[in-house]
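Atoms considered below: every heavy atom in the structure, side chains included; atoms not considered: hydrogens, waters and symmetry mates.
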Amino acid sequence: MQYFKINGKSRLGGEIDVHGAKNSVLPILAGAVLIRGTSVIHNCPDLSDVRATINILRHLGANVNKEGSTLIADTTVINQNSIPEEMMQELRSSIIFLGALSSRTGSACLFFPGGCDIGLRPIDLHIKALERLGYELSFDGRNICCENKTACGHRIVFPLESVGATENAILASVFLKGKTTIINAAREPEIEDLASFLNSAGADIKGASTSVIEINGVSSLESTEYTVIPDRIEASTFMSAAAITGSDILINNVNHIHLSPVVPQFYEMGCAIYAQKNSLRIKAPERLKRVKLIQTRAYPGFPTDSQAVLMAALTSAKGSSVIEENIFENRFKHVPELIKFGADISIQSKIALVHGVDYLHGAAAQCTDLRSGAALVIEALRAEGESTITKIEHIDRGYEKIENSLSLLGADIKRIQDEKGR
């Protein structure tokens, strides 16, 4: 068992680099399945979710190598069209292989996907989109199968924005004859990144940063080289770490446009933010101010993935803050763990009321999902005394050695290997 041991109350300083976006890399790797050639992907982080996706690619017949932050995937040969239970259960985003595999091989069978337990993520929008394109789908209670018999470009109208369903529809449409139009598409930067990657290989996708995406079918995709965008959620995590500890740090490799939904909240907390070309300096006050209201929304609204780390920062702010979670119904599972540190938080339905406290103490806490784990680490940075954070495999899904990054800034955090399982 591995866990983090953190001694709090350290002031952070210095600079840190943001790695490539987890939520971009995974769909891009699925998109590599469409290429009869080699994809050279730069700025690819070393995450457990990325390793799980690489294992899926190898299972499908691809030859994949990773050298530092560069991943080379040769998908000239794809000789499997099914993904078994043990691979699918490792991450929920694996459902996007349904569109990619069906598009490349003509059919696909996937076990129902797993991932973080943060609430229902129904795949009905994925299924309806593929059926709208003419794919035939079946579900036997365990496996989802998709077959291309008469699929062609069509008009898809989503009743609500869905990142995964938009990505699946794009991947399933690249080779279809005619034009596919996606109405009410999700606008997250990671979707634009996927489209840019596919376009670099020869796809014809327009409007990926808007709510209307058009895909004109092409006959094939060729080898490409591409650099993944920075991870905006990791950047907001480092910003939260600086905010709660009253620190002054420089964060490199950021996209300021992608961070625009979270910057106003840090201003409201009393932080000074200085934007440079590809960097952001954040200077926090000794004690943060409250934030009147944070409401999670689809992009360009406040991201649900940043909700937990901002909540952690606000637990020691002066005054009371309100956070409304509108994306996932189980996205407050970190609250009981934050309370162990002395935080004062009450929950009513999808509303969290965070009363800032003067003092946080060390605690033994347990990660319940990826973003909750990051929130616990941030809380421990402020707490007086020693804290231990267990089940950190959740954190490793989305942060590349977060303990090394924070140590570079001066945090007292160590990854401990307990050989006896204590």
Side-chain angles (χ1 to χ4, degrees), residues 24 26-39 41 53 56-57 59-62 73-83 87-88 93-111 113 123 125-139 143-156 158 162-182 185-186 190-191 193-206 208 213-224 226:
S24 275
L26 303 186
I28 284 174
L29 291 179
V33 168
L34 302 178
I35 297 172
R36 295 181 185 271
T38 301
S39 301
I41 302 169
T53 308
I56 290 175
L57 287 175
H59 165 77
L60 296 175
D74 184 350
T75 49
T76 304
V77 176
I78 295 293
N79 52 26
Q80 294 285 337
N81 68 346
S82 63
I83 303 177
M87 290 184 173
M88 289 295 295
S93 62
S94 54
I95 189 62
I96 60 175
F97 277 96
L98 190 64
L101 264 182
S102 301
S103 187
R104 171 71 186 264
T105 68
S107 63
C109 271
L110 279 60
F111 187 85
I123 63 168
L125 294 180
H126 300 245
I127 293 172
K128 290 176 181 177
L130 294 176
E131 288 178 335
R132 183 70 173 165
L133 294 171
Y135 288 92
E136 296 183 11
L137 286 99
S138 61
F139 180 54
N143 297 292
I144 305 166
C145 294
C146 180
E147 188 173 3
N148 179 3
K149 290 184 178 179
T150 59
C152 62
H154 215 292
R155 188 171 183 262
I156 299 169
F158 285 124
S162 168
V163 173
T166 300
E167 291 167 343
N168 237 335
I170 291 172
L171 293 168
S173 302
V174 170
F175 296 143
L176 298 184
K177 290 183 179 181
K179 182 171 73 175
T180 297
T181 303
I182 304 173
E190 295 78 14
I191 290 175
D193 211 26
L194 171 62
S196 297
F197 165 73
L198 294 171
N199 284 342
S200 73
D204 185 357
I205 306 169
K206 298 180 176 66
I213 299 176
E214 293 183 349
I215 305 107
N216 291 296
V218 297
S219 58
S220 64
L221 297 183
E222 300 177 350
S223 297
T224 188
Y226 190 76

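Remark: N81 pairs with S107 by the side chain to side chain donor-acceptor pair (under 3.5 Å) rule, at least two apart or across chains. Listed by chain and number, the residues in a side chain to side chain donor-acceptor pair (under 3.5 Å) with D193 are S24, Y226 (sequence neighbours excluded). D74 is linked by a side chain to side chain donor-acceptor pair (under 3.5 Å) to T76, counting only residues two or more places apart in sequence or in another chain. Taking the side chain to side chain donor-acceptor pair (under 3.5 Å) definition, one finds that S200 meets it with T224, sequence neighbours left out.
Atom CG of L98 is separated from atom CG of L130 by 5.5 Å, given to the nearest 0.5 angstrom. Put simply, CD1 on I95 and CD1 on I127 are 7.0 Å apart, with the number rounded to the nearest 0.5 Å. Here I56 contributes atom CD1 and M88 contributes atom CE; the two are 6.5 Å apart, rounded to the nearest 0.5 Å. Here the CG atom belonging to L194 is positioned 6.5 Å from the CD1 atom belonging to I205, to the nearest 0.5 angstrom. To the nearest 0.5 angstrom, L221 atom CG is 9.0 Å from S39 atom OG. With rounding to the nearest 0.5 angstrom, the CD1 atom of I83 is 8.5 Å from the CG atom of L57.
Between Q80 and T105, the shortest heavy-atom distance links the atoms O-CG2, 4.4 Å. The heavy-atom pair separating G164 from H126 by the smallest distance is C-CE1, 3.2 Å. Scanning all heavy atoms of the two residues, the minimum distance from G99 to N168 falls at N-OD1, 2.9 Å. Summarising the geometry of I78 relative to R104, their closest heavy-atom pair is CG1-NH1, 3.4 Å, with the distance given to 0.1 Å. The two atoms that bring I182 and A169 nearest to each other are CD1-CB, 3.7 Å, heavy atoms only. Closest non-hydrogen pair, A185 versus I213, comes out as CB-CD1, 3.6 Å.
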**Message:** For a side-chain contact (heavy atoms from CB on, under 4.5 Å) check, start with the C-alpha distance between L110 and S94, then their side-chain angles and the critical distance, and finish with the verdict.
**Reply:** CA-CA 9 Å; L110 279 60; S94 54; 5.7 Å; no
**Request:** Output, in order, the C-alpha distance, side-chain angles, deciding distance and verdict of side-chain contact (heavy atoms from CB on, under 4.5 Å) for Y135 and L176.
**Result:** CA-CA 11 Å; Y135 288 92; L176 298 184; 3.8 Å; yes
**Message:** Using side-chain contact (heavy atoms from CB on, under 4.5 Å), reason through F97 and L171 one step at a time and then give a plain yes or no.
**Reply:** CA-CA 8 Å; F97 277 96; L171 293 168; over 6 Å; no
**Request:** Quick one: do L125 and T166 satisfy side-chain contact (heavy atoms from CB on, under 4.5 Å)? Show the steps, please.
**Result:** CA-CA 9 Å; L125 294 180; T166 300; over 6 Å; no
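Judged by distance alone, with hydrogens and angles left aside, the side-chain atoms of T75 form a donor-acceptor pair with the main-chain N or O of I35 at under 3.5 Å. Not a single donor-acceptor pair under 3.5 Å links the side chain of H154 to the backbone N or O of E131.
Across the pair C146 and C109, the gap between the SG atoms, which is the quantity tested here, reaches or exceeds 2.5 Å.
Side-chain contact between N216 and K206 is present, with at least one heavy-atom pair separated by less than 4.5 Å.
For residues 144-153, no residue pair satisfies the side-chain hydrogen bond (donor to acceptor under 3.5 Å, both in side chains) rule, not counting sequence neighbours. Sequence neighbours left out, the pairs with a member in residues 172-182 that pass salt bridge (charged side-chain N to carboxylate O under 4.0 Å, His left out) are K179-E214.
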